[in-house]
J.: 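Before I ask anything, let me first share the structure, which is written out below as structure tokens.
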Protein chains: 2
Amino acid sequence: MLFPIPTAKTDFEARAKVMKSLAHPTRLMMIEELSRGERCVCDLRDLAGCDLSTVSKHLALLKDAGIVEDEKRGKQVYYRLRVPCVLNFFHCLDSVLTARDRLG
Amino acid sequence: MLFPIPTAKTDFEARAKVMKSLAHPTRLMMIEELSRGERCVCDLRDLAGCDLSTVSKHLALLKDAGIVEDEKRGKQVYYRLRVPCVLNFFHCLDSVLTARDRLG
DNA sequence: AGAACGCTTGGCCATATAGCCAAATAAATA
DNA sequence: TATTTATTTGGCTATATGGCCAAGCGTTCT
């Protein structure tokens, strides 16, 4: 690249869409669970403890954002993490939280 | 620690709050700008191109989440990044986006 | 084929968020 | 002290999001 490319408005919108998909406690929980291996929707429903349709919508959102991918096998649909780097977010998030608690 | 501590529901909520504060294009833009050094609110208004009150509210949100801190000097209030690790998110976000574009 | 299972989709309601304008506050300057 | 400058806060509206229930769809099992 010849020039330092300024980050365009649309880039921030695209990034924000991905961030948004991660910005929900249930979805973060599902992601942590998926980091241990693929899971079917019903597994995640048991974990999340909310309606199956709600879980399904959360997963559709994550899929649309590019975070997870799904595969139908038999009666079940299995989801797995597609971009493991999102797991690094957790460490940073926790450091934000401890930093905030430390200084207020 | 004797036991692997299971991540509690409240932990996910706390993390999600931080993620939420990052899940907006304008706020991501402001964070990238702040990564180059501290900026006053008016600098960021020029960058974001929206109402000053809107910018101020975005910053208050980031501050509440623990991402930025502020300091009043003279007439201006200067904001700076408090947790540089959030910048690592950008690389991951972009890799999510390219991965998504590659495979659909 | 019909019933059962696993999941997704549509519809609806309640709540949360983003934006602007106007008013309030705080500090610097006249 | 009065005025201007820089920012925050309150109030409002429009839109987005999350949740449930009910209905739909594709597989598997009988």
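First the proteins, then the strands, lettered A, B, ... as listed; each starts at 1. Atom set for the values below is all heavy atoms of this structure, side chains included, hydrogens, waters and symmetry mates excluded. From a predicted model like this one, the values you see are computed outputs, not experimental measurements.
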J.: Is Lys57(B) touching bases, backbone alone, or none of the nucleic acid, heavy atoms closer than 4.0 Å?
T.: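 Base contact.
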J.: If I take atom CD in residue Gln76(B) and atom P in nucleotide dA6(D), what distance separates them, rounded to the nearest angstrom?
T.: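 It works out to 6 Å between those atoms.
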J.: Distance check needed: dA18(C) P versus Leu22(B) CG, whole Å only.
T.: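 So the two atoms are 12 Å apart, to the nearest Å.
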J.: Would you mind reading off the distance between Leu52(B) atom CG and dA26(C) atom C1', rounded to a whole angstrom?
T.: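 These atoms are roughly 14 Å apart.
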J.: Which is true for Arg45(A) with a 4.0 Å heavy-atom rule: it touches a base, it touches only sugar-phosphate, or it touches nothing?
T.: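 Here Arg45(A) touches no strand at all.
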J.: Under a 4.5 Å cut-off applied to non-hydrogen side-chain atoms, are Cys40(B) and Asp43(B) in contact?
T.: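 Yes, at least one pair of side-chain atoms sits under 4.5 Å.
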J.: Is there a side-chain contact between His24(A) and the phosphate of dA16(C), meaning an N or O under 4.0 Å from OP1 or OP2?
T.: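 False: His24(A) side-chain N/O out of range (4.0 Å or more) of dA16(C) OP1/OP2.
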J.: Where each residue is assigned the nucleotide of DNA chain D containing its nearest heavy atom, which of Gly74(A) and Asp51(A) is assigned the position nearer the 5′ end?
T.: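 So the residue in question is Asp51(A).
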J.: From the options dT8(C), dC5(C), dT8(D), select the nucleotide whose nearest atom is closest to the side chain of Ser56(B).
T.: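 My answer, after comparing the listed nucleotides, is dT8(D).
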J.: Separation of Lys72(B) atom NZ from dA6(D) atom P, in whole Å?
T.: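 These atoms are roughly 11 Å apart.
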J.: In this structure, how many angstroms lie between the C1' atom of dT8(D) and the NZ atom of Lys63(B), rounded?
T.: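 These atoms are roughly 10 Å apart.
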J.: Could you check how far CG of Asp70(B) sits from P of dT8(D), rounded to whole Å?
T.: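 Interatomic distance, CG of Asp70(B) to P of dT8(D): 7 Å.
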J.: Does Lys17(A) reach the side chain of Asp64(A), with side-chain heavy atoms less than 4.5 Å apart?
T.: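 In contact.
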J.: Is there a side-chain contact between Arg15(A) and Glu32(B) (heavy atoms, below 4.5 Å)?
T.: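 In contact.
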J.: Expressed in angstrom and rounded to an integer, what is the separation of His58(A) atom NE2 from dG18(D) atom P?
T.: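 Rounded to the whole Å, the gap is 6 Å.
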J.: Strictly distance-based, threshold 3.5 Å: is any side-chain N or O of Ser95(A) a donor or acceptor partner for the main-chain N or O of Cys92(A)?
T.: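 Yes, Ser95(A) side chain to Cys92(A) backbone: donor-acceptor pair under 3.5 Å.
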J.: Heavy atoms under 4.0 Å, any strand shown: does Tyr79(B) hit a base, just sugar-phosphate, or nothing?
T.: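 The answer is sugar-phosphate, as Tyr79(B) gets under 4.0 Å only of primed atoms, P, OP1 or OP2.
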J.: Can you figure out which of dC7(C), dG19(D), dT17(C) approaches the side chain of Lys20(B) most closely?
T.: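 So the nucleotide nearest the side chain must be dT17(C).
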J.: Measure CG/Asp43(B) against C1'/dT5(D) and give the value in whole Å, please.
T.: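 Taking CG of Asp43(B) and C1' of dT5(D), I get 15 Å after rounding.
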J.: Please assess Met19(B) against Phe89(B) for the test side chain to side chain contact (heavy atoms under 4.5 Å, CB included), listing each intermediate value before the final yes or no.
T.: CA-CA 10 Å; Met19(B) 288 300 285; Phe89(B) 287 25; 3.9 Å; yes
J.: Arg27(B) near the nucleic acid: base, sugar-phosphate alone, or nothing, with a heavy-atom cut-off under 4.0 Å?
T.: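 If one applies the 4.0 Å heavy-atom cut-off, Arg27(B) turns out to touch the sugar-phosphate alone, with no base involved.
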J.: So, under a plain 3.5 Å distance rule, would you say the side chain of Ser53(A) forms a donor-acceptor pair with the base of dC7(C)?
T.: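 No, no donor-acceptor pair under 3.5 Å.
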